[in-house]
**Student:** 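One structure, pasted below without further comment.
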Amino acid sequence: MQAYLIKNLKDYEGQQVTLQGWASNRRDSKGIYFIILRDGTGWCQCVVSAESVSEEVFNECKKITTETSIIITGTVTKDEKQMGGFEVQATDVQIIAVADEYPVSKKEHGVDFLMDNRHLWLRSQRQWAIMKIRNQIIFSIHQFFQKEGFIQMDAPLFTGNACEGTSNLFETDFYGDTAYLSQSGQLYGEAMAFAMGKIYTFGPTFRAEKSKTRRHLSEFWMIEPEMVFFDIFQNMDLIESFLREVVSNVLTNCKAELAMVGRDTTVLEQIIKPFPRLSYDEAVRIIKGEQDVNGQNSIKSLEDELKQVEAKMEEINKEIVEREEKIKTPGMKKGEIGFNQAKIDKLKQELKDLEEVTRNIPGWLNSARNFEYGNDFGGSDETVLTRLFDVPVMVYNWPHEVKAFYLKRDPDNSKFARGVDVLAPEGYGEIVGGGERETDTDLLIEKIKEHQLPMEAFEWYLDLRRYGSVPHAGFGLGLERLVTWICKLPHVRESIPFPRMYGRLLP
RNA sequence: UCCUUGGUAGCUCAGCUGGUUAGAGCACAUGACUGUUAAUCAUGGGGUCGCUGGUUCGAGUCCAGCCCAGGGAGCCA
């Protein structure tokens, strides 16, 4: 028996096919069953009528609960109403395993419940689409770097020391010694670049931050290219063409998936425009509202948004009251009451989200107005800045005190380090951090001491400067943050199959 | 770690200034209906009101502590 895939049904119109998968939904009337079959490549309605299958098979169909695995044979017919445009008129149905009562229903669920059922949640359409887009992004990343002559390398995950010092690391036992789970493969990438020229790492990294925000994971995947004979400007050129190509690939190859997650692609299509390059000084002026962007002021637009949200909340409140009145009118059909009740529930949820926004914006406004020159950007500062743009923004030349020890001091102004952060638009914030590396051995040693890092652990790294130092640069891209922005997800946790974050180790 | 919001049926929620036997929708089960798109309609089972203690004649409701979760800050990709 040859099995067919739902995604290819269009090639078999009028022909008989056999599909194997799971029943994601079943409806029935007298003498007819409608089964939505899911096979991993798509969804398709299969019609089982009493006339076209044996009585025995028809009676068996009663057992098909949500997520029961089945094999269906039937004829492909065109039906514009169906997703995918085709349905299958079944001639035979075979049950493989009847599923127990399935916990994930079509109704809305809370985040905690969905996360507890992540292993099942992945089967639903929206999550399926996100994972397909993630896959396309991963593929495009490899494609881009391989095409550009980069060698992929794997950095170690056990490290003997805190690489950058600042973040909290996960400790583990390594044959009696304390080892840390890697928070970056960059230093190893630099070493490899001196052997290969251009390299990129693609692997997991670990941060033990007790952060509970929409941007943080404890375990996430990072791509870290490193290029010899590169300065910060060549680095920015590379980042720009890299992100442009990945986003373009998703746009051309994942149209259906982007539609499934409800992504408005007009913003993504702006990716062909040049990315603004702002110096730290300029970015700070914009955040503080001292400089406008395309006639937009950060402070004012945030204040306007607050007003808009408040107006919207009033509107929603009005609609809720109206619908609640409507439900009470006597003689209303049960179906209509249910419809209105569902609408009210949805509006109330929306209201809760907006309330959250009104609680957050004043804090962001406050932090933007009082931003202290010389500090690193916080999450809210990135939000305030990137809300004003529709393409990624590059901020470069940072005060050297707030950045990592290995960044090159700017030759024109020693206050600055040649780091660059790429911030995703629409309020998403940092997706890339990178820069040109320090080549001055003495300055590096000084920096390592300043950051109170154990010198002996960095001797091998200093060797890279001692034996034929060259200018070089690189960057690190957070895969999940890129997926989150491209899909416009409300939280990073949906961008990875099984998120690991503070308080979440299962499933 | 801090600020903030919440925890009531398998799920999503309602439950007013404390007061009889704690409710709805969905899901599930049974039945009706030959084209449904979260199908519809009828009937039914289903609860340690997060935990512990306190106030009270009486606590889902008030108070305290703890636990868990959402959002944010710090830190970061």
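Since we're looking at a predicted model, the values are computed, not measured. In what follows, chains carry the letters A, B, and so on, assigned in the order in which the sequence lines appear, proteins first and then strands, with residues in each chain numbered from 1.
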**Student:** Using only side-chain N and O atoms of A:Lys210, determine if any of them is under 4.0 Å from OP1 or OP2 of B:U1.
**Tutor:**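 Checking A:Lys210 against B:U1: at least one side-chain N or O falls below 4.0 Å of OP1 or OP2.
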
**Student:** Reading nucleotides 27-32 of chain B from the 5' end, what letters show protein touch, with B for base, S for backbone sugar-phosphate only, - for no heavy atom under 4.0 Å?
**Tutor:** SS--S-

**Student:** Output yes when a side-chain donor or acceptor of A:Thr383 lies under 3.5 Å from a complementary backbone atom of A:Gly379, and no otherwise.
**Tutor:**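 It does hold such a pair.
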
**Student:** Can a side chain N or O of A:Asn360 be found less than 4.0 Å away from OP1 or OP2 on B:U4?
**Tutor:**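 It does not, given that no N or O in the side chain of A:Asn360 lies less than 4.0 Å from OP1 or OP2 of B:U4.
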
**Student:** Tell me if the side-chain of A:His216 makes a donor-acceptor pair with the base of B:C76, cut-off 3.5 Å, by modelled atom types.
**Tutor:**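 Answer is yes: a donor-acceptor pair is held.
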
**Student:** Please work out if A:Glu219 contacts a base, only the sugar-phosphate, or nothing of the nucleic acid, heavy-atom cut-off 4.0 Å.
**Tutor:**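 It contacts nothing in the nucleic acid.
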
**Student:** In terms of side-chain heavy atoms of A:Lys212, which of B:A69, B:U5, B:A39 is nearest?
**Tutor:**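 Closest nucleotide to the A:Lys212 side chain: B:A69.
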
**Student:** With sequence neighbours left out, what residues match A:Ser218 under side chain to side chain donor-acceptor pair (under 3.5 Å)?
**Tutor:**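 Residues passing side chain to side chain donor-acceptor pair (under 3.5 Å) with A:Ser218: none at all.
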
**Student:** Just to verify, what does A:Arg418 make a side chain to side chain donor-acceptor pair (under 3.5 Å) with, not counting sequence neighbours?
**Tutor:**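 Side chain to side chain donor-acceptor pair (under 3.5 Å) list for A:Arg418, sorted by chain: A:Asp410, A:Glu436.
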
**Student:** Looking at B:U4, does its base get a donor-acceptor pair with the side chain of A:Glu355 below 3.5 Å?
**Tutor:**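 Such a pair does not exist between side chain and base.
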
**Student:** Considering residues at least two apart in sequence or located in another chain, which fulfil the side chain to side chain donor-acceptor pair (under 3.5 Å) criterion with A:Asp421?
**Tutor:**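 Result, side chain to side chain donor-acceptor pair (under 3.5 Å) vs A:Asp421: A:Lys403.
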
**Student:** Could you list all N or O pairs between the protein and nucleotides 7-9 of chain B that sit under 3.5 Å apart?
**Tutor:**
none

**Student:** Can you list everything that forms a ring-ring contact (aromatic ring centres under 6.0 Å, His included) with A:Trp221? Sequence neighbours excluded, please.
**Tutor:**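 A:Trp221 satisfies ring-ring contact (aromatic ring centres under 6.0 Å, His included) with no residue once adjacent residues are dropped.
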
**Student:** Of all of residues 423-433 of chain A, which get a heavy atom below 4.0 angstrom from RNA chain B, listed by number?
**Tutor:**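 Within residues 423-433 of chain A, the residues near RNA chain B are A:Glu430, A:Ile431, A:Val432, A:Gly433.
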
**Student:** So which nucleotide from B:G10, B:C33, B:U5 ends up closest to the side chain of A:Phe113?
**Tutor:**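 Shortest atom-to-atom distance from the side chain points to B:G10.
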
**Student:** In terms of side-chain geometry, is the basic nitrogen of A:Arg123 or A:Glu67 positioned less than 4.0 Å from the acidic oxygen of its partner?
**Tutor:**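 Between A:Glu67 and A:Arg123 there is a salt bridge, with a charged N closer than 4.0 Å to a carboxylate O.
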
**Student:** Can A:Phe34 be classed as stacking with the base of B:G35, given a centroid separation cut-off of 5.5 Å and a plane angle cut-off of 30°?
**Tutor:**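 Here A:Phe34 fails the 5.5 Å or the 30° condition.
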
**Student:** Using a cut-off of strictly less than 4.0 Å between a heavy atom of the residue and any atom of RNA chain B, enumerate the qualifying residues of residues 365-377 of chain A by number.
**Tutor:**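 Contacting residues: A:Asp376.
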
**Student:** Tell me every residue that passes side chain to side chain donor-acceptor pair (under 3.5 Å) with A:Lys210, counting only those two or more places apart in sequence or in another chain.
**Tutor:**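 Residues passing side chain to side chain donor-acceptor pair (under 3.5 Å) with A:Lys210: none at all.
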
**Student:** May I ask you to verify if any side-chain N or O of A:Arg493 is less than 4.0 angstrom from the OP1 or OP2 atom of B:G70?
**Tutor:**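 The answer is yes; a side-chain N or O of A:Arg493 sits under 4.0 Å from OP1 or OP2.
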
**Student:** Can you confirm whether A:Pro499 sits close enough to A:Val492 that some side-chain heavy atom of one is under 4.5 Å from a side-chain heavy atom of the other?
**Tutor:**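 Counting from C-beta outward, A:Pro499 and A:Val492 never come under 4.5 Å.
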
**Student:** Got a sec, which residues hit salt bridge (charged side-chain N to carboxylate O under 4.0 Å, His left out) with A:Asp116, two or more places apart in sequence or on another chain?
**Tutor:**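 Testing A:Asp116 for salt bridge (charged side-chain N to carboxylate O under 4.0 Å, His left out), a comparison that skips the adjacent residues, returns A:Arg504.
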
**Student:** Strictly distance-based, threshold 3.5 Å: is any side-chain N or O of A:Arg26 a donor or acceptor partner for the main-chain N or O of A:Ile35?
**Tutor:**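 No; zero donor-acceptor contacts below 3.5 Å.
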
**Student:** Are any side-chain N or O atoms of A:Arg481 and backbone N or O atoms of A:His216, one a donor and one an acceptor, separated by less than 3.5 Å?
**Tutor:**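 Checked: no pair found.
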
**Student:** Check whether more than 12 heavy atoms from other residues, nucleotides or ligands sit under 6.0 Å from atom CZ of A:Phe170, and answer yes or no.
**Tutor:**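 Atom CZ in A:Phe170 is packed in, count exceeds 12.
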
**Student:** So, is A:Trp43 close to the B:U37 phosphate, meaning a side-chain N or O under 4.0 Å from OP1 or OP2?
**Tutor:**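 No, outside the criterion.
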
**Student:** May I ask you to verify if any side-chain N or O of A:Arg27 is less than 4.0 angstrom from the OP1 or OP2 atom of B:A39?
**Tutor:**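 The answer is yes; a side-chain N or O of A:Arg27 sits under 4.0 Å from OP1 or OP2.
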
**Student:** Taking only heavy atoms on the protein side, list every residue of residues 499-507 of chain A lying under 4.0 Å from any atom of RNA chain B, sorted numerically.
**Tutor:**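 Of all residues in residues 499-507 of chain A, the ones placing a heavy atom under 4.0 Å from RNA chain B are A:Gly503.
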
**Student:** Does the B:G74 base have a donor-acceptor partner in the side chain of A:Glu209 within less than 3.5 Å?
**Tutor:**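 Looking at the base of B:G74, it does not pair with any donor or acceptor on the side chain of A:Glu209 (distance under 3.5 Å).
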
**Student:** Any donor-acceptor pair under 3.5 Å between the side chain of A:Gln45 and the base of B:U36?
**Tutor:**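 For A:Gln45, whose side chain was compared with the base of B:U36, there is a donor-acceptor pair (under 3.5 Å).
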
**Student:** Go ahead and write out RNA chain B as dot-bracket, 5' to 3': ( ) for pairs within the strand, [ ] for ones crossing earlier pairs, | when the partner sits on another strand, dots for unpaired; Watson-Crick or G-U wobble, both distances under 3.5 Å.
**Tutor:** (((((((..((((.....[...)))).(((((.......))))).....(((((..]....))))))))))))....

**Student:** Name the nucleic acid region contacted by A:Trp221, choosing base, sugar-phosphate or nothing; use a 4.0 angstrom heavy-atom cut-off, strictly under.
**Tutor:**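 Since no nucleic acid heavy atom lies under 4.0 Å of A:Trp221, the category is nothing.
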
